[in-house]
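All values below come from the heavy atoms of this structure, side chains included, with hydrogens, waters and symmetry mates left out.
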Amino acid sequence: MKVKVRYYASFRDVTGKQEEWLDVPEGTTVQGIREHVRGLYESIARREQVLVAVNGAFPALDRVIEEGDDVAFFPPVSGG
Amino acid sequence: MKVKVRYYASFRDVTGKQEEWLDVPEGTTVQGIREHVRGLYESIARREQVLVAVNGAFPALDRVIEEGDDVAFFPPVSGG
Amino acid sequence: MIKIQREDFDVGGLHASLKTRGSGCVVTFVGTVRDTSDGRPVSRMSIEVYEGMARAQLEAIAGEAADKFGVDRVEVVHRYGDLEVGDNIVFIGVSAGHRDQGFEACRYMIDELKKRVPIWKREYTPDGVVWVEGDRREQGPG
Amino acid sequence: MIKIQREDFDVGGLHASLKTRGSGCVVTFVGTVRDTSDGRPVSRMSIEVYEGMARAQLEAIAGEAADKFGVDRVEVVHRYGDLEVGDNIVFIGVSAGHRDQGFEACRYMIDELKKRVPIWKREYTPDGVVWVEGDRREQGPG
């Protein structure tokens, strides 16, 4: 299954990408796709906090990713 | 000793006066002048809280009133 | 700056004057005339102030806020006279490095103002004109 | 209303739009660009936002503040793009019947914003350009 993921802030810098398509098995969870991305980028793997949003919300880590989901990876936020 | 006292808010209404001169003995304290005023006005005597300011501050009750002091009587404040 | 005045104040202008290059935030409290008070309708209000003492107390409170919370600037304006529903009554504004300081200082100032600054509200209600005293209402002579 | 925009905002206008006849107070927090950050000088800042999600999160936070504290109105504006020292970053404003509600709701909203709204600052310092991430600073590529 192909899933489009986007990277924000320093994660865009360290991946060198704004977005990319990942090929993951059906049934992959949020936790699973995070491990997948940690496996691709050493500088993300090193981070204590890697936030994953799905469709604009922070999902449970055992939520299953569906085809068409909008997945985003980013570091802790610093607005305000 | 003559001391000028002023009344604010509802105390001006119940005394019918903005200010008046009181004749009190030398050595009268803040507590003493408050008792004096309570003796003059029954509606002030009935009040739980009668605030007394001297020269723009809230003095200790045992502070001695001096000639020329600016003494004010008023109910609890309600600004803001 | 401490001001006690009859005229309305300009929130945007006060806000701008609070900022410094070292401040990370500006926190403000504005009190306004509500159309009810303790469940009774209020049509308008008048405010009396013992001006000299009010100014001295507000200056003391501003100094305490600066000492306790390390704020950068403080602006206080309190109005007196006749006010309508929706009108501004008081502006309390502080600038500070961080939001903890800003919120705590602003809250401290309005809390102290309500305890010890000699200002009194009189509300016009269907039952007559009512002095507001501390947290209680006392029926006035009309 | 929730706004995410490049342009500055008008504090006085936002303030006026928060008022209702039933409100007794308006409490606002404005975050501004400081000239230092963790003791390092900052010359300017740029702000990145994941806009769709930021809007959804801010709307959720505004709804939570209304539910928890019973506020009358809420206004939030967050800027993005390039900002100079002293510029406004964010406006959080609430109107409420009483000051407890007003202060608590305003504080809740800025605290939640800083935890969960996907917005990031990048500070320009003598050591280079630094991403601000949560409470920590991470050295960026330049």
Review point. When only heavy atoms count and the cut-off is under 4.5 Å, which of residues 86-110 of chain D reach chain C?
Key: D:G86, D:D87, D:N88, D:G97, D:H98, D:R99, D:D100, D:F103, D:C106, D:R107, D:I110

Exercise for review: Against chain D, work out which of C:V30, C:T36, C:V33, C:V85 has the most heavy-atom pairs shorter than 4.5 Å and name it.
Suggested key: C:V30

Review point. Among residues 42-66 of chain C, which residues come closer than 4.5 Å to chain D, judged by heavy atom distances?
Key: none

Review point. Taking C:D35, C:V27, C:D111 one by one, which has the highest count of heavy-atom pairs under 4.5 Å against chain D?
Key: C:D35

Exercise for review: Would you mind listing every salt bridge (charged side-chain N to carboxylate O under 4.0 Å, His left out) that reaches into residues 72-84 of chain C, with sequence neighbours excluded?
Suggested key: C:D8-C:R79

Revision key, fill the gap. Those residues of residues 10-20 of chain D that come under 4.5 Å of chain C on a heavy-atom basis, listed by number, are D:V11, D:G12, D:H15, D:K19

Review point. Does the side chain of C:S23 come under 3.5 Å of the side chain of D:T32 through a donor N or O and an acceptor N or O?
Key: no

